[in-house]
Q: 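Before we start, here is the structure in question, set down as structure tokens.
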Amino acid sequence: MTLLVLQHIACEPPAAYEDELRSWGAELHRVQIDEGDPLPDWREFAGIVAMGGPMGAYEDERLPWLTAEKRMIAEAVRAGTPYWGVCLGSQLLAASLGAAVFPGPHAEVGLLPVFTTAAASADPVFSAAPTEFVALQWHGDTFDLPDGAVQLARSDAYPQQAFVFESAYALQFHLEVDAALATTWGDVPAYAQSLHALLGDGALPRLVDGVRRHEAEATALARRLFAAWLEHVVELTAIRPALTAPAQRSR
């Protein structure tokens, strides 16, 4: 079993989700879209994982590959392919399903509370989440809920934090990131400049410290949700080995 991973910048890998995937004995095929890697045939994969990035899901004129990526996501998801989208990956899913993606009134950045909806308690994946948890937020865009989708989570700043459409899941927030990975985000000039503009001097160390304080709880929740998706949506239970330690993540 192999999952297709769509990355939009090298410093935003699946991280804890990848750790969980490998612990099940599954493989991944990583496509670095921003570096020009071609999109493969989605039919060859058991599911798709789409990660974050600094671009907007609506920047097709500047980044023409977004059009092809959204077309592929729409085809795959409407054909029933399991999908897991994080941050930009959630916005790409919304756009692929015909919903508007747009800049919000202000950026949502920091370690902030997320609240699950009543529908989450009956969902095969999000029923594994508590009614409130802390997650890393770092985005300025948001989206409308696509037709036919079910809202699973919200925050005080933005109502659309997670939704499900058939076998496709969208998460606006980051649970998968540990302090080491968050530190590398500060090495990206666009990320560092944005963070400084939003939160002022010393913003990155403060953010990394917040991630470090919450990383054990957050990454455990990331793996629990992703495991539920693998089991109940991708249906990988038959190949899971009896492992006691997480696999080493590749960077």
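Quantities reported herein were computed from a predicted structural model and do not represent experimental measurements.
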Q: Any chance CD of E132 has more than 12 other-residue heavy atoms, nucleotides or ligands included, within less than 6.0 Å?
A: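 Enclosed: over 12 neighbouring heavy atoms sit under 6.0 Å from CD of E132.
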
Q: Any side-chain heavy-atom pair from P14 and E176 closer than 4.5 angstrom?
A: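 Heavy-atom side-chain distance check fails, nothing below 4.5 Å.
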
Q: Looking at side-chain heavy atoms only, is the closest gap between L39 and L6 below 4.5 Å?
A: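 Yes, close enough: below the 4.5 Å cut-off.
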
Q: Are M72 and I48 packed together at the side-chain level, in the sense that at least one heavy-atom pair is separated by less than 4.5 angstrom?
A: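 Result yes, sub-4.5 Å side-chain heavy-atom pair found.
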
Q: Is it true that V5 and W42 fall in one hydrophobic cluster, defined by side-chain heavy atoms closer than 4.5 Å?
A: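 No, it is not one cluster - the side chains of V5 and W42 are not joined through contacts under 4.5 Å.
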
Q: Where is the tightest heavy-atom contact between P40 and H29, given as atom of each residue plus distance?
A: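 Closest pair (atom of P40, atom of H29, distance): CG-CD2, 4.2 Å.
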
Q: What pairs with F173 under ring-ring contact (aromatic ring centres under 6.0 Å, His included), at least two apart in sequence or on another chain?
A: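 Counting only residues at least two positions away or on another chain, F173 forms a ring-ring contact (aromatic ring centres under 6.0 Å, His included) with F133.
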
Q: Working note: Q7 + E35, criterion side chain to side chain contact (heavy atoms under 4.5 Å, CB included); need CA distance, chi angles, decisive distance, verdict.
A: CA-CA 9 Å; Q7 275 189 229; E35 295 182 2; over 6 Å; no

Q: Do you know the tightest heavy-atom contact between P189 and D187?
A: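 Where P189 meets D187 most closely, the heavy atoms are CD-O, 3.4 Å.
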
Q: Could R22 and E18 be called an ion pair, given the rule that one side-chain N must be under 4.0 Å from one carboxylate O?
A: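 Salt bridge: yes.
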
Q: Indicate the ring-plane relationship of Y17 and F226, choosing parallel, tilted or perpendicular according to the 30° and 60° boundaries.
A: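 Y17 and F226: tilted rings.
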
Q: Could you report the tightest heavy-atom contact between E20 and A227, atom names first, then the distance?
A: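 Looks like OE2-CB, 3.4 Å.
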
Q: So, do I9 and Y191 sit near enough that their side-chain heavy atoms are less than 4.5 Å apart?
A: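 They are in side-chain contact.
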
Q: Which atom pair, heavy atoms only, marks the closest approach of G186 to A192?
A: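 Closest approach of G186 to A192: O-CB, 3.5 Å.
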
Q: Which distance, rounded to the nearest 0.5 Å, do you find between the CG of L66 and the CD1 of I73?
A: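 Reported value, rounded in 0.5 Å steps: 9.0 Å.
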
Q: V164 versus W229: any side-chain heavy-atom pair under 4.5 Å?
A: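 In short, these two side chains do not touch, never coming nearer than 4.5 Å.
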
Q: Among residues at least two apart in sequence or on other chains, which ones pass side-chain hydrogen bond (donor to acceptor under 3.5 Å, both in side chains) with R213?
A: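 side-chain hydrogen bond (donor to acceptor under 3.5 Å, both in side chains) check on R213 returns D209.
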
Q: More than 12 heavy atoms of other residues, nucleotides or ligands under 6.0 Å from CD of E75: is that the case?
A: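 Result for CD/E75: enclosed.
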
Q: Using atom types as modelled, flag every donor-acceptor pair under 3.5 Å from a side chain in residues 104-111 to any protein atom, sequence neighbours excluded.
A:
from : atom 1 : to   : atom 2 : distance (Å)
E108 : OE1    : H139 : NE2    : 2.6
E108 : OE1    : Q161 : NE2    : 3.0
E108 : OE2    : S155 : OG     : 2.7

Q: Between Q151 and Q160, is a side chain to side chain contact (heavy atoms under 4.5 Å, CB included) present by the stated rule, with each step listed?
A: CA-CA 7 Å; Q151 183 192 42; Q160 304 306 335; 3.8 Å; yes

Q: Ignoring hydrogens, what is the shortest heavy-atom contact between V177 and A182? Give both atom names and the distance.
A: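 Minimum heavy-atom contact is CG1-N, 3.7 Å.
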
Q: Hey, what do you get for CG (D141) to OH (Y58), rounding to the nearest 0.5 Å?
A: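 Nearest 0.5 Å value for the CG-OH distance: 3.0 Å.
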
Q: Side chain of H214, backbone of A135: donor and acceptor closer than 3.5 Å?
A: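 Pair absent, no side-chain N/O of H214 close to backbone of A135.
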
Q: Given the rule that I, L, V, M, F, W and Y join up when any side-chain heavy atoms are under 4.5 Å apart, are W138 and Y158 in one cluster?
A: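 They do not share one cluster, since no chain of ILVMFWY contacts under 4.5 Å joins W138 to Y158.
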
Q: When rounded to the nearest 0.5 angstrom, what is the spacing between CH2 in W84 and CG in L171?
A: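 Reported to 0.5 Å precision, the distance equals 5.0 Å.
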
Q: Side chains of E44 and L4: does their closest heavy-atom pair fall under 4.5 Å?
A: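 They are not in side-chain contact.
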
Q: CD1 of I33 to CD of E69: how many Å apart, nearest 0.5 Å?
A: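 Rounded to the nearest 0.5 Å, the CD1-CD separation comes out at 3.5 Å.
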
Q: What about L97 and V233, same hydrophobic cluster or not, with Ile/Leu/Val/Met/Phe/Trp/Tyr joined at side-chain heavy-atom distances under 4.5 Å?
A: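 Cluster IDs for L97 and V233 differ.
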
Q: Surrounding CG of D147 (heavy atoms of other residues, nucleotides or ligands, distance under 6.0 Å), is the total greater than 12?
A: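 Counting neighbours around CG of D147, 12 or fewer heavy atoms of other residues, nucleotides or ligands fall under 6.0 Å, so no.
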
Q: Give the C-alpha distance, both sets of side-chain angles, the deciding distance and a yes or no for side chain to side chain contact (heavy atoms under 4.5 Å, CB included) between D34 and W65.
A: CA-CA 8 Å; D34 63 313; W65 49 261; 4.3 Å; yes

Q: When you group the ILVMFWY residues by side-chain heavy-atom contacts below 4.5 Å and let the links chain together, are L93 and M55 in the same group?
A: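 Shared cluster, yes.
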
Q: Tell me, with the steps shown, if H196 and D201 meet side chain to side chain contact (heavy atoms under 4.5 Å, CB included).
A: CA-CA 6 Å; H196 182 270; D201 292 341; 2.6 Å; yes

Q: Let me confirm one number: the CD-OG1 distance from Q91 to T142, rounded to the nearest 0.5 Å.
A: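 Reported to 0.5 Å precision, the distance equals 7.5 Å.
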
Q: Quick check for you: to the nearest 0.5 Å, what is the distance between L181 atom CG and T219 atom OG1?
A: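 Answer for the CG-OG1 pair, L181 versus T219, is 11.5 Å.
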
Q: Check whether any side-chain heavy atom of F163 lies under 4.5 Å from a side-chain heavy atom of P146, and answer yes or no.
A: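 Answer yes - side chains close enough.
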
Q: Keeping S96 on the side-chain end and K70 on the backbone end, is there a donor-acceptor pair under 3.5 Å?
A: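 Pair found, side chain donor or acceptor close to backbone of K70.
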
Q: Going by heavy atoms in the side chains, are Q172 and Q137 under 4.5 Å from each other?
A: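 Side chain of Q172 against side chain of Q137, heavy atoms only: contact under 4.5 Å found.
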
Q: Any chain of hydrophobic side-chain contacts (each under 4.5 Å) joining F126 to F165?
A: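 No, F126 and F165 fall in different hydrophobic clusters.
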
Q: For a quick test of reading the model, state the closest non-hydrogen atom pair linking A99 to L145 and the distance between them.
A: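 Closest approach of A99 to L145, heavy atoms only: CB-C, 4.4 Å.
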
